[in-house]
Amino acid sequence: MSAETRAVAPFVLSLIGGVFILLGAIVISMFTFGSPTIVGSMSSSMSGMMGGMNGQTGMGMMIGGMMGLYPVFSIIGLASGALVILGAVMLYSRPFEKDLWGGVIIAFSILGILGGMGGFMIGLVLGIVGGALALARNPTSKTTVSTPVILSS
């Protein structure tokens with residue numbers, strides 16, 4: 001495969017964006033799957049600010065409800081980062097499937113907002129730009145464009 005058919009710039013931007021999304025998801029996962037004492041200290045400090053018995057009950061229920069969703073968001077972020085990286089690698093190895101892999105990169109970069117903070121928002125921007133460059137790219141080589149086709153009958 002020649003260098004003209006490889007999508008280097010979309011590959012590099014998408015790969016870096018995927019790494020940032022994965023790092024953001026790992027940071028979120030450290031808090032999500034971390035020590036239960038973190039959650040207990042959050043609950044007691046928040047209830048102290050609210051004051052009274054109603055504040056403690058309401059805040060405990062809110063923290064408990066949020067803790068049920070955090071692992072789901074964390075897994076979504078980890079999967080999004082991994083799929084953006086996979087999309088970038090597949091875009092580089094199969095440049096003629098650029099529409100499929102560019103769409104995968106854009107979709108999972110946007111989905112990375114939920115669980116990976118969008119890769120500190122840097123990964124989101126790099127993933128969208130890399131996916132858009134992949135979609136806008138025309139992978140035909142110069143030899144096929146410049147060589148006329150002669151049909152004989």
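All figures in this text were calculated on a predicted structure; none of them were measured in a lab.
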Would Phe108 and Met90 show up in the same hydrophobic cluster when neighbours are defined by side-chain heavy atoms closer than 4.5 Å? yes
The criterion is side-chain contact (heavy atoms from CB on, under 4.5 Å); which residues satisfy it with Val12, sequence neighbours excluded? Val8, Ile16
Who pairs with Ile106 by side-chain contact (heavy atoms from CB on, under 4.5 Å), at least two apart in sequence or on another chain? Ile110, Leu135
How many angstroms lie between CG in Leu83 and CD1 in Ile76, if you round to the nearest 0.5 Å? 12.0 Å
Do Leu23 and Phe120 touch side chain to side chain, with heavy atoms closer than 4.5 Å? yes
Report the residues that fulfil side-chain contact (heavy atoms from CB on, under 4.5 Å) with Ser14, sequence neighbours left out, ordered by chain and then residue number. Ala88, Ile105
How close do Pro10 and Arg137 get, counting heavy atoms only, and between which atoms? CG-CD, 4.5 Å
Pairs touching residues 20-31 that satisfy side-chain hydrogen bond (donor to acceptor under 3.5 Å, both in side chains), sequence neighbours left out: Ser29-Ser74
How far apart are the closest heavy atoms of Ile85 and Leu22, and which atoms are they? CD1-CD2, 4.0 Å
Across all chains, not counting sequence neighbours, the ring-ring contact (aromatic ring centres under 6.0 Å, His included) partners of Phe11 are Tyr92
Assigning hydrophobic clusters by single linkage (Ile, Leu, Val, Met, Phe, Trp, Tyr; side-chain heavy-atom cutoff under 4.5 Å), is Ile21 placed with Leu114? yes
Keeping to residues at least two apart or across chains, list the side-chain hydrogen bond (donor to acceptor under 3.5 Å, both in side chains) pairs with something in residues 115-132. none
Tell me, which pairs form a side-chain hydrogen bond (donor to acceptor under 3.5 Å, both in side chains) where one or both residues lie in residues 100-126, sequence neighbours left out? Glu97-Trp101
Given Leu124, which partner from the list Ile113, Val129, Leu111 fulfils the side-chain contact (heavy atoms from CB on, under 4.5 Å) test? Ile113
Could you identify which residues cluster with Ile75, counting Ile, Leu, Val, Met, Phe, Trp and Tyr as linked when any side-chain heavy atoms lie under 4.5 Å apart, either directly or through a chain of such contacts? none
Taking a hydrophobic cluster as the set of Ile, Leu, Val, Met, Phe, Trp and Tyr residues connected by side-chain heavy atoms closer than 4.5 Å, whether directly or through intermediates, do Met121 and Val27 fall within one such cluster? no
With a 4.5 Å cut-off on side-chain heavy-atom distances among I, L, V, M, F, W and Y, is there a chain of contacts connecting Ile128 to Leu15? no
